[in-house]
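We number each residue from 1, following the sequence as shown.
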Amino acid sequence: MTDIQTRLVEGEEREAALIVERAVFLDEGFPYDYEKYNAQCRVFGAFDGQKCVGAVRMVQQAPLIPPVLEDCEIWDLTSWQDMGGRFEELATQAVLREYRKLMVGLDLVRAAYADARNRGVQVMALILEPERAQFLNDTVHFACRQIGEIGYKGWECAPYAHVLDEVERKLASADPELYAWFTECVDPSLLAAPRES
């Protein structure tokens, strides 16, 4: 396996990550209209040397309402909107086909998670297929909580929320080794469950 580096990106690296994001989404036939959120996003890129091979985008709640709240039928919309900066959307995850199954996607989510947690975010929302949410809950031991109806721009996807305290408690209990790795870059004082030494 190559030595892939994952990090928050700016400037030319950010542009490279967004090119990969767009290409993967269009190649897979997913809805792609994220450019309007560029000013309120934090972008993470995965790099194999100088080549960008994956990207994740976090969308803050302002100035535009993120897609998970704008384009999905949310059961308790006001409670999530009222969280302001403590609620963000993990809006995209895109990895070049030849780099899938190398944990690049999980490492991108890990970087975004640590960054969000260290900035005070309490909920990371996302839109995905129910079977993928089930996989995240059962296999990765995350805590995906469905927060709205299935149906996103004609896709059989639903909005979910990762309440970070719930994710940490569940993951720490189910797989302490994965939890220690996943939260390695999070300030320990912010974690809902201690990491094993």
Side-chain angles (χ1 to χ4, degrees), residues 1-72 87-119 121 124-129 131-133 135-136 139-140 142 144 152-162 167 178 181-186:
M1 182 174 146
T2 56
D3 185 25
I4 297 170
Q5 301 293 316
T6 303
R7 57 186 171 268
L8 178 66
V9 290
E10 298 293 344
E12 290 181 5
E13 286 191 336
R14 178 182 166 114
E15 291 305 313
L18 293 179
I19 288 169
V20 168
E21 173 194 81
R22 180 180 176 80
V24 169
F25 267 63
L26 294 178
D27 184 55
E28 298 290 336
F30 297 142
Y32 188 82
D33 57 356
Y34 292 96
E35 287 96 343
K36 64 185 177 184
Y37 302 103
N38 283 352
Q40 67 194 68
C41 288
R42 293 174 75 80
V43 178
F44 300 82
F47 291 84
D48 183 1
Q50 298 298 311
K51 178 183 179 183
C52 184
V53 300
V56 155
R57 173 194 295 252
M58 293 290 295
V59 179
Q60 299 167 341
Q61 274 217 60
L64 301 175
I65 297 170
V68 70
L69 298 181
E70 178 72 15
D71 299 325
C72 294
F87 177 104
E88 292 185 6
E89 180 178 351
L90 177 63
T92 65
Q93 180 188 34
V95 177
L96 295 179
R97 191 175 303 277
E98 61 271 28
Y99 286 86
R100 296 173 193 172
K101 301 187 188 259
L102 296 176
M103 290 187 58
V104 174
L106 184 58
D107 199 38
L108 282 162
V109 171
R110 174 185 180 233
Y113 186 101
D115 178 75
R117 191 56 152 159
N118 288 330
R119 290 184 294 107
V121 173
M124 288 172 61
L126 63 164
I127 303 167
L128 74 166
E129 301 89 342
E131 59 271 16
R132 287 191 63 207
F135 170 81
L136 288 174
T139 304
V140 187
F142 283 7
C144 283
Y152 168 71
K153 296 188 175 186
W155 288 74
E156 290 297 306
C157 297
Y160 292 86
H162 290 308
V167 170
L178 178 60
W181 173 80
F182 190 75
T183 63
E184 181 179 31
C185 295
V186 177

Take Lys36 and Glu70 through the test salt bridge (Lys or Arg N to Asp or Glu O under 4.0 Å) and record every step on the way to the result.
-> CA-CA 13 Å; Lys36 64 185 177 184; Glu70 178 72 15; over 6 Å; no
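- A donor-acceptor pair is defined here as one N or O able to donate and one able to accept, closer than 3.5 Å; such a pair exists between the side chain of Gln40 and the backbone of Gln60.
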Worked check of side chain to side chain contact (heavy atoms under 4.5 Å, CB included) between Arg132 and Tyr160 | CA-CA 11 Å; Arg132 287 191 63 207; Tyr160 292 86; over 6 Å; no
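- Scanning both residues, Val9 and Gly45, for their nearest heavy atoms gives CG1-N, 3.8 Å.
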Step by step, would you call Arg97 with Asp27 a side chain to side chain contact (heavy atoms under 4.5 Å, CB included)?
-> CA-CA 10 Å; Arg97 191 175 303 277; Asp27 184 55; 3.1 Å; yes
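- Rounded to the nearest 0.5 Å, atoms SG (Cys52) and CD (Gln5) are 13.0 Å apart.
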Carefully, step by step, assess Phe142 and Phe182 under the rule ring-ring contact (aromatic ring centres under 6.0 Å, His included).
-> CA-CA 11 Å; Phe142 283 7; Phe182 190 75; 5.2 Å; yes
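- In this structure, CG on Asp115 lies 13.0 Å from CZ on Arg117, to the nearest 0.5 angstrom.
- Contact annotation: the side chain of Phe44 approaches that of Met58 to within less than 4.5 Å [non-hydrogen atoms, C-beta and beyond].
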ring-ring contact (aromatic ring centres under 6.0 Å, His included) assessment of Phe30 paired with Tyr32 = CA-CA 6 Å; Phe30 297 142; Tyr32 188 82; over 10 Å; no
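- Side-chain contact check for Glu89 versus Tyr37: every heavy-atom pair is 4.5 Å or farther apart.
- Atom CD of Gln50 has 12 or fewer heavy atoms from other residues, nucleotides or ligands within 6.0 Å.
- Closest heavy-atom contact between Thr6 and Ala46: OG1-CB, 3.9 Å.
- The NZ atom of Lys153 sits 8.0 Å away from atom CD1 of Ile127, with the distance rounded to the nearest 0.5 Å.
- Checking side-chain atoms of Arg22 against main-chain N and O of Glu35 turns up no donor-acceptor pair under 3.5 Å.
- Inter-residue side-chain proximity for Gln61 and Pro66 is flagged as met; some heavy-atom pair is nearer than 4.5 Å.
- In this structure, Asn38 and Arg14 have side chains that are in contact, with non-hydrogen atoms separated by less than 4.5 Å.
- You'll find the side chain of His162 stays beyond 4.5 Å of the side chain of Tyr113, heavy atoms only.
- By the 4.5 Å heavy-atom criterion applied to side chains, Met103 and Ile4 are not counted as neighbours.
- One distance of note links CZ of Phe47 with CZ of Arg7; it measures 5.0 Å at 0.5 Å rounding.
- Across Glu21 and Tyr34, no two heavy atoms sit closer than the pair OE1-CB, 4.5 Å.
- Residue Glu28 places its CD atom among more than 12 non-hydrogen atoms of other residues, nucleotides or ligands, all under 6.0 Å distant.
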What's the verdict on side chain to side chain contact (heavy atoms under 4.5 Å, CB included) for Leu96 and Val24, showing C-alpha distance, side-chain angles and the deciding distance?
-> CA-CA 7 Å; Leu96 295 179; Val24 169; 4.1 Å; yes
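- Of all heavy-atom pairs between Val68 and Ala125, the closest is CG1-CB, 3.9 Å.
- Taken from CG in Leu108 to CZ in Arg57, the straight-line distance is 13.5 Å, to the nearest 0.5 Å.
- The shortest distance between side-chain heavy atoms of Leu136 and Leu128 falls below 4.5 Å.
- Note: Cys185 SG to Asn118 CG = 8.0 Å, rounded to the nearest 0.5 Å.
- With contacts defined as side-chain heavy-atom distances shorter than 4.5 Å, the pair Val56/Leu90 qualifies.
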Given the rule in the salt bridge (Lys or Arg N to Asp or Glu O under 4.0 Å) test, do Glu88 and Arg42 qualify, once you have shown the distances and angles that lead to the verdict?
-> CA-CA 10 Å; Glu88 292 185 6; Arg42 293 174 75 80; over 6 Å; no
